[in-house]
Amino acid sequence: MTIKNWQDFGAGCIFAAIGLAGLWIGCGYRFGSLVRMGPGFMPVVVSSLVMMLGILIIGKAAFSHGAAIEATKLRPLILIPGAVIAFALMIPRFGLVPSVLVTAMIAGLAAPDADIRTNVVLSVSLVLFGLLLFRFGLNLPIPAW
Amino acid sequence: MMDILGHLATGFGAAITPVNLALCLVGVLAGTLIGVLPGIGPLATIAMLLPITYGLEPLSALVMLAGIYYGAQYGGSTTAILVNLPGESSSIVTCLDGHEMARQGRAGPALAIAALGSLFAGTVSVFVIAAFGPLLAGLARDFNSPEFFSLMLFGLVACVVMARGSVLNAVAMISLGLLFSLVGVDNTSSIFRYTFGIPALFDGIDFVAMSMGMIGLAEIITILERKPKARTIVVSKIKNLWPTRADFRAAWPASVRGALLGSVLGILPGGGGVLSSFASYALEKKISKHPERFGEGAVEGLAGPESANNAGAQTSFIPLLTLGIPFNPIMALLMGALLIQGITPGTAVMYERPELFWGLIASMLIGNVLLVIINLPLIRIWVMLLRVPYRYLFPSIVIFCCIGLYSVNLQPVMILQLAVFTLLGYALLKFGCEPAPLLIAFILGPQLEENFRRSMILSRGDPTVFLTRPISLVLLLMACVLITIVLFPKFRSRRAVIFEE
């Protein structure tokens, strides 16, 4: 099988994989019957649907041409989720100020035209803004540090 | 008619409180702001601001979030006219004639026509909502589980038709959304499904985290991958805002047609601002005596679509408020906001809490007037904001999402969910799958399962119950018709053309 449409192939793989995993786990719940649907009824039905559609899309990828996948740049792909994860790890331990500072710095680096100076200025102003709006304005119960 | 006025009076009573007026202003200002800025749309903004609304009254929350949506339609046209860059997808056609007018030195009149047309259409569509809303809700009053199940199925099929790209992908995204909605505790058996022993998943996947990640942050990554485009702003000085008498003569019939067309298209599944503006432009060009003037600064080509997109944006609230079915992703987010408040939108809400429905409608009238008052004088400021480079914008969005999400229940796990859905959303976007159908299916999932379960108990396990009840049958037939149309080659090519343009 030669793949003519990489976009479809990728999408199909995601659907098929999630569907298969869902079906695998879903089979562990009681299925029940139409009258008395168990907790496993919908999971099995829906996962099978997702999986079959995934396989269908993979099959389609072998027959019809499609647009090529646009080139991926690793920098934003790593740094944007990275910034989010950094925030999740820092916020319970260090509070608002350090977390926002680090998160904004990491996120800012994802820009192709990033430079350190504007990045620092932006991060510091986001810290101030975040403090003013969320800590003092909306009075959220998040410690400042 | 007297009825409507009476209801509207109730609505104004509920909407005119200092808090609601202030939030309406905040909403339309935020909407205009993000409408002006390309690269961030109402969908991402509403997702970002959802956590802030948790502490508000339901009506206040709704007023603000709705203001963001229709405010964005105004802001988007400002960018389209001045920079030839659609701030929102609903103002793509505004670029054609609106920007041409600006290049001919008539940016002021173009902006004024867009704003006045929107105001007029906003007013018209409010009355459409007031007239048709109760009608539709009355229809749904006799609905039982099978009807609701078929209605939701119809809504999901309609999403497929309106989604960009391959039909198969859209169906798969809907199924995936349904699968995600199953995560968490099952209401009837109290069994945990797909929770992997993670306490944060016991209540299900967080809708806000999912929509922020798949819409907001995933899109940031794809924007950063492209080369930044240089923007040139045509007019730095806008003189003479007021349109000429000839402009008015050309604009008002187009505005009336646009407002009516938009109001109708907005109610349809998948409709809203985008579809309405395209349809109106096509209509104006078709009935014009001088179609060759379109694209060279024809006033009708600006007034029609600008009126239509605002009308469509506002009437797209009807299905959500009267039937409880979100027909576009923005409405899915608003439904999410209401569900978090403990309100399931639909027929019952209309009768039990009329102040919610009518208050929102009244706030739309107020909001539209506010938009015209604040927008025309503030154009200078919006133009300045257009110069803000994207690299200042996106870190702010990331920070807003993180703090907003954390503020809900102070659980860092929520933010990890955000990261996961950012990556998943990015991958799906790359492979040509739009996130909108998934979100709509996710929000409808629990009710779909519940209504199916109830229908089966009602009919003692006989699946033909959906075909023997007349309303349910009609809804399913309508869904079948939609599917046939979308699979029909002629429509497929036309659909491709519409989305390409």
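Lettering follows sequence order; numbering is per chain, from 1.
Listed for the B:Asn451 side chain is a donor-acceptor partner under 3.5 Å among the backbone atoms of B:Gln447.
Of the inter-residue distances, the one linking B:Ile198 atom CD1 with B:Gln417 atom CD reads 8.5 Å to the nearest 0.5 angstrom.
Chain B forms the most heavy-atom pairs under 4.5 Å with one residue out of A:Ala111, A:Ala107, A:Pro39, A:Gly130, and that residue is A:Pro39. The greatest number of non-hydrogen atom pairs below 4.5 Å with chain B, out of A:Pro43, A:Ser47, A:Ala104, is found for A:Pro43. The choice from A:Gly82, A:Pro76, A:Ala83 that makes the most heavy-atom pairs within less than 4.5 Å of chain B is A:Pro76. Contact count versus chain B (heavy atoms, under 4.5 Å) is highest, among A:Ile25, A:Val35, A:Val46, A:Ile18, for A:Val35. Chain B forms more heavy-atom pairs under 4.5 Å with one residue of A:Gly19, A:Ala21, A:Ala110, A:Ser125 than with any other, namely A:Ala110.
Annotation: side chain of B:Phe202 is not in contact with side chain of B:Val185 (no heavy-atom distance under 4.5 Å). Two residues are said to be in side-chain contact when any heavy atoms from C-beta on lie closer than 4.5 Å; A:Phe129 and B:Phe400 meet this criterion.
Both the backbone and the side chain of B:Leu178 come within less than 4.5 Å of a heavy atom of chain A. Interface remark: B:Ile221 contributes backbone and side-chain atoms alike to the contact with chain A (heavy atom separation under 4.5 Å). If you measure heavy-atom distances from A:Thr72 to chain B, the contacts under 4.5 Å come from both the backbone and the side chain. A:Ile14 touches chain B through its side chain: at least one heavy atom from C-beta onward sits under 4.5 Å away, while N, CA, C and O do not.
Within 6.0 Å of CD on B:Glu57 lie no more than 12 heavy atoms contributed by other residues, nucleotides or ligands. Atom CG of B:Asp203 has 12 or fewer neighbouring heavy atoms from other residues, nucleotides or ligands inside a 6.0 Å radius. Within 6.0 Å of the CZ atom in A:Phe63, the count of heavy atoms belonging to other residues, nucleotides or ligands does not exceed 12.
Residues B:Phe149 and B:Phe452 bring their aromatic ring centres within 6.0 Å. In summary, the aromatic rings of B:Phe192 and A:Tyr29 are positioned with their centroids too far apart to meet the 6.0 Å limit.
With respect to B:Val398, the side chain to side chain contact (heavy atoms under 4.5 Å, CB included) criterion is satisfied by exactly one of A:Thr103, A:Ile106, A:Leu126, A:Leu79: A:Thr103. The side chain to side chain contact (heavy atoms under 4.5 Å, CB included) test with B:Tyr194 is passed by exactly one of B:Leu201, B:Ile205, B:Leu179: B:Leu179.
The pair B:Arg454-B:Glu449 does not meet the salt-bridge criterion, since no charged nitrogen lies less than 4.0 angstrom from a carboxylate oxygen.
Using non-hydrogen atoms only and a strict 4.5 Å limit, the part of residues 92-101 of chain A facing chain B consists of A:Pro92, A:Leu96, A:Val100. Proximity to chain A at a heavy-atom threshold of 4.5 Å picks out nothing from residues 209-216 of chain B.
A:Arg30 and B:Ser189 share no donor-acceptor pair across their side chains, judged by distance under 3.5 Å alone.
Under the 30°/60° scheme for interplanar angles, the aromatic rings of A:Phe87 and B:Tyr406 are found to stand perpendicular.
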